[in-house]
Amino acid sequence: MKIGIIGLQGAVSEHIEATKRAMRKLGIKGEAIWVGRPGQLEGVNGIIIPGGESTTIGKLMHTTGLFENVKQKAANGTPILGTCAGLITLAKRGDVQVVRTKQPLLGLMNMSVVRNAFGRQRESFEVDLEIPILGEEPLKAVFIRAPAVEEVWGDAKILAKFQDKIVAVKQGNIIAVAFHPELTPDTRLHEYFLRMCQKA
Ligand code: GLN
């Protein structure tokens, strides 16, 4: 199995490590590779768009040509996991900040996002988050200048909420979470994603 991590900016190496840990846990033989140009997505079974700065990630994906490539892969059923800034890039609609910065959105998920939704007082925090698809035990979720999903529609399904805000969504082959699952030892989300990649 080969998982491509979009490596233009942000928490890339952390995702590579978390993906490798999850592969070991599941006994999957595979690799997690750093992707900086379109050709590198050839033959990947899954794509991760990391957290960082969504304006930068979106614009660089555009200039490198990864933007169209990721869209094609998504349309062909390749599973995609977007975390934090990655969640923002997956959305169809954004708030005033998204509009003002003219950041390109992949528009792959039926959801509208609000950037920096948890305010300046709470720039970063950790919570025990209940995500039923990952089992009964809550997941320690690290939020860093995190976005939230304001609304989902169509076939997008809410996976988790925190303080009435939607923080995890799944739509078909794509999962988006507002937090950073790659920064904690619990690999259940990456494992869930890898199982999606196995089935695809
Ligand atoms: N605040 C960032 C943005 O809006 C996201 C932060 C993150 O990915 N940790 O792009």
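In listed order, ligands and their atoms are each counted from 1. We number each residue from 1, following the sequence as shown. Everything quoted here is computed from the prediction, not taken from an experiment.
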query = For Gln40, does the CD atom sit with more than 12 other heavy atoms under 6.0 Å from it, leaving out its own atoms?
reply =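 Yes, the 6.0 Å shell around CD holds more than 12 heavy atoms from other groups.
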I'd like to check which ligand 1 atoms, numbered from 1 as shown, lie under 4.0 Å from a non-hydrogen atom of [X].
X: Ser54; result: 3 (C), 4 (O), 10 (O)
X: Ile88; result: 3 (C), 4 (O), 10 (O)
X: Asn116; result: 1 (N)
X: Gly51; result: 8 (O)
X: Arg115; result: 3 (C), 4 (O), 10 (O)

key: The one among Gly52, Gly86, Gly94 that brings a heavy atom closest to atom 6 (C) of ligand 1   =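 Among Gly52, Gly86, Gly94, the closest heavy atom to atom 6 (C) of ligand 1 belongs to Gly52.
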ask   = Are Thr187 and Lys25 linked by a side-chain donor-acceptor pair shorter than 3.5 Å?
value =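 Present: a donor and an acceptor within the cut-off.
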query = Just checking, any donor-acceptor pair under 3.5 angstrom between side chains of Lys92 and Asn110?
reply =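 Yes, side-chain donor-acceptor contact under 3.5 Å.
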message = Tell me if a side-chain donor or acceptor on Thr78 pairs with a main-chain N or O of Lys73 at a distance below 3.5 Å.
response =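 Flag set: sc Thr78 to bb Lys73 pair under 3.5 Å.
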task = May I ask you to decide if Ser13's main-chain N or O and Glu17's side chain share a donor-acceptor pair within less than 3.5 Å?
result =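 Here the side-chain-to-backbone pair does not exist.
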request  = Among all protein heavy atoms, pick out the one at the shortest distance from atom 7 (C) of ligand 1; state its residue, atom name and that distance to 0.1 Å.
outcome  =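 The closest heavy atom on the protein side is Cys84 SG, 2.7 Å.
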query = For Thr83 and ligand 1, does the shortest N/O to N/O distance drop below 3.5 Å?
reply =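 Between Thr83 and ligand 1, no N or O pair is found under 3.5 Å apart.
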task = Please work out whether any backbone atom (N, CA, C, O) or any side-chain heavy atom from C-beta onward of Gln97 is under 4.0 Å from ligand 1, and answer side chain, backbone, both or neither.
result =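 Answer for Gln97: neither.
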task = Search all heavy atoms of Val142 against all heavy atoms of Phe179 and return the closest pair with its distance.
result =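 Closest approach of Val142 to Phe179: O-CB, 3.1 Å.
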Salt bridge present between Arg145 and Glu53 (N-O < 4.0 angstrom) =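 So Arg145 pairs with Glu53 through a salt bridge.
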